[in-house]
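Quantities reported herein were computed from a predicted structural model and do not represent experimental measurements. Within every chain, numbering begins at 1; the chains are lettered A, B, ... in the order of the sequence lines, protein sequences first and strands thereafter.
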Amino acid sequence: MEAFTQRVIEIVGSIPEGRVMTYGQVARNAGSPRAARQVVRILHSMSKKYKLPWHRVVNAKGEISIQDDASYEMQILLLQTEGIEMAERGQLDLIRYQVKAQDRAPKT
DNA sequence: CAGCTGACTTGGG
DNA sequence: GCCCAAGCCAGCT
């Protein structure tokens, strides 16, 4: 597998309890700013092979974007368990919970 | 080997 | 603030 993949695994696994990261953020920290979708795939396949806190990864809007209802609800449960306040729609406060790192992508 | 896919992101209307 | 379209890139078929 690519080094990128390995990094994503490590990064996701390093997310502190009660915090979250966006797919894009993880991708950037892993070295591929545009590989947010790979993070998705990785979480998909690795979470079932490794014990990754996949639930601490949300989309850019701070919501859960899982399509699978079971996993969706489970993620909310796990996050709440870690002390994160979840809104009705499975949304959380990114400003408060997103891990701060050198994730800024200088777009301008 | 070639093509499709996806738990995404960003920009424009 | 919501909807649509394009870009991205590693993994899988």
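- In this view, Ser32(A) and Phe4(A), Ala35(A) satisfy the side chain to side chain contact (heavy atoms under 4.5 Å, CB included) rule, not counting sequence neighbours.
- Listed by first then second residue, pairs satisfying salt bridge (Lys or Arg N to Asp or Glu O under 4.0 Å) with a partner in residues 57-67 of chain A read Lys61(A)-Glu63(A), Glu63(A)-Arg89(A), not counting sequence neighbours.
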Can you give me the N/O atom pairs linking the protein to nucleotides 7-9 of chain C at distances under 3.5 Å, or say none if there are none?
unit_1 : atom_1 : unit_2   : atom_2 : d
dG7(C) : O6     : Arg37(A) : NH1    : 2.7
dG7(C) : N1     : Arg37(A) : NH1    : 3.3
dC8(C) : N3     : Arg37(A) : NH1    : 3.4
dC9(C) : O4'    : Gln38(A) : NE2    : 2.8
dC9(C) : O2     : Gln38(A) : OE1    : 2.0
dC9(C) : O2     : Gln38(A) : NE2    : 2.5

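- Thr22(A) comes within contact range of the sugar-phosphate backbone alone, with a heavy-atom separation under 4.0 Å but no base atom that close.
- Distance Lys61(A) NZ to dA7(B) C1': 12 Å, rounded to the nearest Å.
- Rounded to an integer number of Å, the gap from Ile76(A) CD1 to dA7(B) C1' is 13 Å.
- The nearest whole Å value for the distance from the CZ atom in Arg7(A) to the P atom in dA10(C) is 13 Å.
- The side chain of Asn59(A) lies closest to dT9(B) when the candidates are dA10(C), dT9(B), dA7(B).
- Taking atom CD on Glu73(A) and atom P on dA7(B), their separation rounds to 17 Å, with Å as the unit.
- Distance, Met21(A) CE to dC8(B) P: 16 Å, rounded to whole Å.
- Residues that satisfy the side chain to side chain contact (heavy atoms under 4.5 Å, CB included) test with Thr81(A), not counting sequence neighbours, are absent from this structure.
- Contacts of Arg19(A) classified as side chain to side chain contact (heavy atoms under 4.5 Å, CB included), with partners at least two apart in sequence or in another chain: Ile15(A), Pro16(A), Val99(A).
- Separating the CZ atom of Arg28(A) from the C1' atom of dC8(B) is a distance of 11 Å, rounded to the nearest angstrom.
- Leu78(A) meets the side chain to side chain contact (heavy atoms under 4.5 Å, CB included) test with Trp54(A), His55(A), Met74(A); sequence neighbours excluded.
- If you take OH of Tyr72(A) and C1' of dA7(B), they are 12 Å apart, rounded to a whole angstrom.
- A salt bridge between Glu2(A) and Arg7(A) is absent, with no side-chain N of the basic residue lying under 4.0 Å from a carboxylate O of the acidic one.
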